Visitor: 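Dropping a structure here in structure tokens format, bear with me for questions.
Just so you know, these numbers come straight off a predicted model, no measurement behind them. In this chain, residues are counted from 1 in sequence order. All ligand and atom numbering here is 1-based and tracks the order in the structure.
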Amino acid sequence: MKSTINKKSKKEILVVDDTPDNLRLLSAILTKKDYGVRKALDSRQAISSVKADAPDLILLDIKMPEVDGYETCIALKADPETCAIPIIFISALDDAMDKVKAFSVGGADYINKPFQEAEVLARIEHQLHLRDLQSRLEAQNQELIQSNQELEQFAHIVSHDLQQPLQSMMGYAKIIGMQYPDLLDTDANQYLKNILEAGDRMHCLIQELLSYARIGQAQEAFVPVDGNVVIATAINNLDGLIKETEADITFTELPTILGNEIQLVQLFQNLLNNALKFARPGISPKIHIYSSLTLDSSWLLSFQDNGIGISVKDIENIFQRFYRLHSNHEYPGSGIGLATCKRIIESHNGTIWVESKVGKGSTFHLKFPKS
Ligand code: ADP
């Protein structure tokens, strides 16, 4: 919705009434309170006046010849340029005013004739105050969206530009290790190993940051993606870790989802990777993936593991960026995996949540709209 914020010092009110006496009376009341007043005698005049220069508020008579107040209101609310202007209906007490209709067509309030001056002013001030608050909220929202986009762009550029110097550092460290093995004593070799390990971690972190930032950027249209293919690809990509941990992974027939295949593989892979990583010491990971159709006709995909589990107090935080519950020595990671999962599922108009019991295991649920 495009909002119309009037920056003039005086608040401007458009009064629409086919009775000149009413126009005069309302105009006098409003001018006394230092409002700028514009007048229109019918719907056509009103709409062209609003389009030429948007007022801050419209007082609109319901009963007018040809096009009545309701129809005029509907036309103004249908136009993105004018829909945010508050409209207060005016109706004679003896008219059978349909109050429900007045609100359902988009009216903000109504005033009955004959006018009570104090009431007219109070209702107008209230609506103008609401409109001001709304405009401020919209402006702040816009600023937030913009600064978020700038931050994401910044994160993307920084991560991208960090890759090259990191590769050089790693490359030279490897050359030192290979070409000068005799020059290095045991301590120096250990330091070199530490440098390479830290470099590998940084490389992973940069890759994860880059893929996180990429999800927010403009993407291709969604296509039907076979969940069985996605899970098979994710399992294949994790083959080394699966063998190393002697994991047992089973899955039932999975549905076709409308989405982006690369992102869906990343989503499934992150969840599987965590299920493999956060295994209980001495117990091989047992992972089961299954799907069901919910009552509101969405697909529910669940990733169940028998790992260390997550405590109730941590559950609400684990989807935040960089939130980790363990040191890198206990379980390596960056804390971006689940934030990326959340971002992917939300960009697919779905949701993610987890049920877990410490020492028993966790089940991550993904809810997708049915394609
Ligand atoms: P990372 O795995 O890099 O630490 P994530 O964002 O993927 O970061 O996960 C955040 C935290 O949530 C993890 O550090 C871990 O404590 C917890 N977590 C995620 N998945 C599981 C799981 N399957 N079992 C237990 N804990 C998990």
Visitor: Give a yes or no on whether the backbone of Asp68 and the side-chain of Glu71 come within a donor-acceptor separation of less than 3.5 Å.
Guide: no
Visitor: Under the side chain to side chain contact (heavy atoms under 4.5 Å, CB included) test against Thr72, which residue among Val16, Leu60, Val50 passes?
Guide: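 Exactly one pass, corresponding to Leu60.
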Visitor: Do you reckon Ile215 sits in the same ILVMFWY cluster as Val223, going by side-chain contacts under 4.5 Å, direct or chained?
Guide: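 Looking at the clustering, Val223 is in the same group as Ile215.
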Visitor: For Asp34, enumerate each residue passing the side chain to side chain contact (heavy atoms under 4.5 Å, CB included) test, keeping only those at least two apart in sequence or located in another chain.
Guide: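 Applying side chain to side chain contact (heavy atoms under 4.5 Å, CB included) to Asp34 gives Lys10.
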Visitor: With a cut-off of 3.5 Å and sequence neighbours excluded, list every side-chain donor-acceptor pair involving residues 354-365.
Guide:
residue	atom	partner	partner atom	Å
Glu355	OE1	His365	NE2	2.5
Ser356	OG	Ile310	N	2.8
Ser356	OG	Gly361	O	3.2
Ser356	OG	Ser362	OG	2.9
His365	ND1	Ser302	OG	2.8

Visitor: Test: side chain to side chain donor-acceptor pair (under 3.5 Å). Region: residues 169-188. Which pairs qualify, not counting sequence neighbours?
Guide: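 Residue pairs passing side chain to side chain donor-acceptor pair (under 3.5 Å), neighbours aside: none found.
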Visitor: Find all protein N or O atoms under 3.5 angstrom from an N or O atom of ligand 1 and list the pairs with distances, or write 'none'.
Guide:
residue	atom	partner	partner atom	Å
ligand 1	2 (O)	Asn274	OD1	3.1
ligand 1	2 (O)	Lys277	NZ	2.9
ligand 1	3 (O)	Ser334	N	2.8
ligand 1	3 (O)	Gly335	N	2.9
ligand 1	4 (O)	Arg324	NE	2.7
ligand 1	4 (O)	Arg324	NH2	3.1
ligand 1	6 (O)	Gly337	N	3.3
ligand 1	6 (O)	Leu338	N	2.8
ligand 1	7 (O)	Asn274	OD1	3.4
ligand 1	7 (O)	Asn274	ND2	2.8
ligand 1	7 (O)	Leu338	N	3.3
ligand 1	8 (O)	Gly335	N	3.4
ligand 1	20 (N)	Asn274	ND2	3.4
ligand 1	23 (N)	Asp305	OD2	2.9

